[in-house]
Undergrad: 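Below is the structure I would like to discuss, written out as structure tokens.
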Amino acid sequence: MARIIAVASGKGGVGKTTVVANLSAALAALGQSVVAVDSNITTSNLGIHLGIPMYPITIQDVLNGKARLKDAIYHHSSGFRVMPADISLEKLLIPDTNEFLEVFYKVTDADFLLVDTAAGLGKEALAAIEAADEVLVVTNPDLPAMTDALKLGRFAEEFGAITLGVVVNRYRGKGYDVPPLEVADFLGMPLLGLIPEDEQVKRALARKTPVVTHRPRSLASREFMLIASRLSGVPHRPPRRFWPF
Ligand SMILES: Nc1ncnc2c1ncn2[C@@H]1O[C@H](COP(=O)(O)OP(=O)(O)OP(=O)(O)O)[C@@H](O)[C@H]1O
Ligand SMILES: [Mg+2]
């Protein structure tokens with residue numbers, strides 16, 4: 001049975017899809033079997049991050065009962081599988097928790113199912129979060145993102161999901177950044193990882209590939225590997241620590 005982990009944030013644009021794409025690649029590099037699922041139907045872009053925006057069969061077709069699960073799962077060159085969402089307006093729909101559950105629980109041949117969720121705390125995001133067993137919270141080190149992440153944590157608790165912890169993304173180490181341990185303390189959850197602001201993440205996006213694959217030695221990639229190691233328990237030789245935790 002796969003561990004079903006929703007990657008969620010509350011506030012949009014903090015790096016959920018980046019985290020899903022890169023943790024999938026990092027877990028795969030540690031020998032884990034991963035399926036990355038796009039549950040963000042209204043503004044899906046996991047496929048765009050991975051360089052394949054137009055898939056013939058997508059999660060919408062599975063949710064509609066028009067396709068079998070295995071036909072909507074594709075192999076990515078970074079070593080993991082992906083169940084994308086259709087980006088066209090014609091296939092907009094907002095599934096409920098049970099519909100997501102039906103899809104997620106059909107994936108039986110993976111160690112991890114990483115679910116990219118929609119921005120905000122509307123029906124679409126909450127249905128995917130409720131259908132997951134565990135939640136990984138992504139935030140930036142600023143108060144607006146943290147406030148929304150706090151609300152998300154409350155929902156996760158209400159749903160009985162295990163909150164794995166928070167990944168603080170786009171940390172610059174500047175005075176205006178909230179220190180990572182303070183972010184974790186504010187949210188009342190463990191600090192699972194700290195991803196620096198790294199130009200290589202942008203470069204990798206332009207190359208439509210996870211930075212872990214594109215630039216494995218970049219600062220961001222090293223941190224993604226450490227998070228993957230923490231999540232899976234598979235040892236990974238840690239690089240020198242650059243960050244204060
Ligand atoms: N660590 C980082 N360093 C530099 N740029 C980053 C980093 N993380 C994310 N970004 C950039 O931030 C932008 C938003 O990232 P992403 O699409 O992953 O956010 P999101 O939370 O999935 O957004 P949405 O809520 O709209 O789905 C992208 O352009 C991405 O390249
Ligand atoms: Mg996204």
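In listed order, ligands and their atoms are each counted from 1.
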Undergrad: Partners of Arg68 by side-chain contact (heavy atoms from CB on, under 4.5 Å), sequence neighbours excluded?
TA: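 Listed in chain order: Lys70, Asp71.
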
Undergrad: So, Thr17 and Asp116: side-chain donor and acceptor under 3.5 Å apart, yes or no?
TA: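 Yes, because at least one side-chain N or O of Thr17 sits under 3.5 Å from a partner of the opposite role on Asp116.
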
Undergrad: Taking Asp198 for the side chain and Gln200 for the main chain, is one N or O donor matched with an acceptor at less than 3.5 Å?
TA: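 It does hold such a pair.
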
Undergrad: With hydrogens left out, which residues have an atom under 4.0 Å from ligand 1, given that only heavy atoms count?
TA: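 Its neighbours under 4.0 Å (heavy atoms only) are Gly12, Gly13, Val14, Gly15, Lys16, Thr17, Thr18, Asn40, His49, Ala119, Asn169, Arg170, Ile195, Pro196, Glu197, Asp198, Val201, Lys202, Leu205, given by chain and number.
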
Undergrad: Hey, could you give me each pair passing side chain to side chain donor-acceptor pair (under 3.5 Å) that has a residue in residues 119-130? Not counting sequence neighbours.
TA: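 Non-adjacent pairs meeting side chain to side chain donor-acceptor pair (under 3.5 Å): Thr42-Glu124, Thr97-Glu130.
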
Undergrad: Quick one: do Leu126 and Leu150 end up in the same hydrophobic cluster if we chain Ile, Leu, Val, Met, Phe, Trp and Tyr together by side-chain heavy atoms under 4.5 Å apart?
TA: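 Yes, Leu126 connects to Leu150 through the hydrophobic network.
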
Undergrad: Around the Mg ion (ligand 2), list the protein N/O/S atoms within a radius below 2.8 Å, excluding water molecules.
TA: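 Listed by chain and number, the atoms are Thr17 OG1.
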
Undergrad: Answer yes when Asp109 and Arg81 have at least one side-chain N-carboxylate O distance shorter than 4.0 Å, and no when they do not.
TA: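 Yes.
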
Undergrad: Indicate whether any N or O donor in one side chain lies under 3.5 Å from an N or O acceptor in the other, for Arg203 and Ser218.
TA: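 There is no such pair (donor and acceptor under 3.5 Å, judged by atom type) between the side chains of Arg203 and Ser218.
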
Undergrad: Flag the pair Arg154 and Glu158 as a salt bridge only when some basic side-chain nitrogen lies within less than 4.0 angstrom of an acidic carboxylate oxygen.
TA: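 Answer for the salt bridge query: no.
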
Undergrad: Please answer: with hydrophobic residues joined when any side-chain heavy atoms are less than 4.5 Å apart, are Phe80 and Tyr74 in the same cluster?
TA: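 Both belong to a single hydrophobic cluster.
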
